[in-house]
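Here the structure comes first, spelled out in structure tokens, and everything after it is commentary.
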Amino acid sequence: MRIATWNVNSVRQRLAPLLSFLKESNPDILCLQELKCEETAFPRMEVEDAGYNVVLHGQKTFNGVAILSKSPIEESTVGLPGFDHEGQSRYIEAVVSNGDAGVFRVASIYCPNGNPPDTPKYAYKLRFMKALTAHAFALLKLEEATVLAGDYNIIPEPRDAHDPSAWVADALFLPESRAAYRRLLNLGYADALRAATDDAGLYTFWDYQAGAWQKNKGIRIDHLLLSPQAADRLARVEIVKEMRAGDKPSDHVPIFAELA
DNA sequence: ATGACAACGCAACGTTGA
């Protein structure tokens, strides 16, 4: 069972790379973030023709999250429970029965960026993380194979940035942000990549500006968090780095967890 | 060298993102 997450930075601009990713990488489940369109503008027919069921929470211009699944989606909920999202579409959760692989609960999450830190945007980010942590704690009690996947907009550790010193005052790397991420891990969720490797220099985002990709000045901010029941089955993690080098790339690349 | 990007809405350039 292969589950991936990808911030596409506009699903309409990324339709060709998305369809080629579905065909070549063949994920069973794919979580998307930053759709940047309302549900009526989502390329549903193209995605369904590629063999996927879809649930999504769209929004004009900004945000927007989706879950794509080869197997039928049995139930889905829109929005982070207990959180006043103020009109921002950043969370969708679904239960998928994946044949012999069993039942999975999956969330596609687009955590707020939070910059600049001295504004309400940062307070919103921390408030989102607090609500996410409370919900993640409640989900643990279900004792299911759960994957909380998405763009967390948090660099967990210095080894997750090409130049950590450049990020010390940024909402993505401030101590409060990193502590909020650690609180999720401390509940008992595993950061899939860190369960697989200790290597530094593994990134999921490279800025469009200043040749960041060519210089490999990246950061790791897209994460798959696994409940104990999911983590027990983790076989492999892969960052699909080559997607950043393709035509009209997103500034993020997909990351996969393969569960046995 | 102090610039360098992309997407949106909407038809000029300000806002947002990271």
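Letters A, B, ... mirror the listed sequences (proteins, then strands); counts begin at 1.
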Could you work out the separation of B/dT2 and B/dT16 based on their P atoms and round it to a whole Å?
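Pairwise P distance, B/dT2 against B/dT16, rounds to 28 Å.
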
When the P atoms of B/dA11 and B/dT15 are considered, how many whole Å apart are they?
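Pairwise P distance, B/dA11 against B/dT15, rounds to 16 Å.
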
Please state whether the rings of A/Phe256 and A/Phe21 are parallel, tilted or perpendicular, taking 30° and 60° as the class boundaries.
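Plane angle between 30° and 60°, so tilted.
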
Just say parallel, tilted or perpendicular for the rings of A/Tyr152 and A/His223, cut-offs at 30° and 60°.
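A/Tyr152 vs A/His223 ring planes: tilted.
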
Whole-Å gap separating [atom2] ([N]) and [atom1] ([X]):
X	N	atom1	atom2	value
A/Trp167	B/dG17	CH2	P	14 Å
A/Asn153	B/dA18	CG	P	4 Å
A/Ile219	B/dG17	CD1	P	14 Å
A/Glu34	B/dC8	CD	P	10 Å
A/Gln88	B/dG17	CD	C1'	12 Å

Could you tell me which residues satisfy ring-ring contact (aromatic ring centres under 6.0 Å, His included) with A/Tyr52, sequence neighbours excluded, listed by chain and number?
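With sequence neighbours excluded, A/Tyr52 shows a ring-ring contact (aromatic ring centres under 6.0 Å, His included) to no residue whatsoever.
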
Mind checking who B/dA11 pairs with, Watson-Crick or G-U wobble, both distances under 3.5 Å?
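Paired with no nucleotide.
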
Is atom NZ of A/Lys217 surrounded by more than 12 heavy atoms (other residues, nucleotides or ligands) closer than 6.0 Å?
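Open: at most 12 neighbouring heavy atoms sit under 6.0 Å from NZ of A/Lys217.
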
Is it the case that more than 12 heavy atoms not belonging to A/Asn186 sit under 6.0 Å from its CG atom?
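More than 12 heavy atoms, drawn from other residues, nucleotides or ligands, come within 6.0 Å of this atom.
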
Between N or O atoms, less than 3.5 Å apart, protein on one side and nucleotides 3-7 of chain B on the other: list the pairs.
{"residue": "B/dC5", "atom": "O4'", "partner": "A/Tyr208", "partner atom": "O", "Å": "3.2"}
{"residue": "B/dC5", "atom": "O4'", "partner": "A/Gln209", "partner atom": "N", "Å": "3.4"}
{"residue": "B/dA7", "atom": "OP1", "partner": "A/Arg14", "partner atom": "NH1", "Å": "3.2"}
{"residue": "B/dA7", "atom": "OP1", "partner": "A/Arg14", "partner atom": "NH2", "Å": "3.2"}

Between the base of B/dA18 and the side chain of A/Asn113, is there a donor and acceptor pair under 3.5 angstrom?
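Indeed there is one.
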
Using the rule side-chain contact (heavy atoms from CB on, under 4.5 Å), only one of A/Leu30, A/Ile73, A/Ile29 pairs with A/Leu68; which is it?
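Testing each of A/Leu30, A/Ile73, A/Ile29 against A/Leu68, the sole residue satisfying side-chain contact (heavy atoms from CB on, under 4.5 Å) is A/Leu30.
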
Row check, A/Tyr110 ring normal vs A/Arg90 NZ/CZ: under 6.0 Å, within 45°
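Yes, a cation-pi geometry holds between A/Arg90 and A/Tyr110.
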
With a 4.0 Å limit, can you tell me whether A/Tyr152 has a side-chain N or O closer than that to the phosphate oxygens OP1/OP2 of B/dA18?
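A/Tyr152 to B/dA18 OP1/OP2: no side-chain N or O under 4.0 Å.
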
Table of protein N/O atoms under 3.5 Å from nucleotides 10-12 of chain B N/O atoms:
none

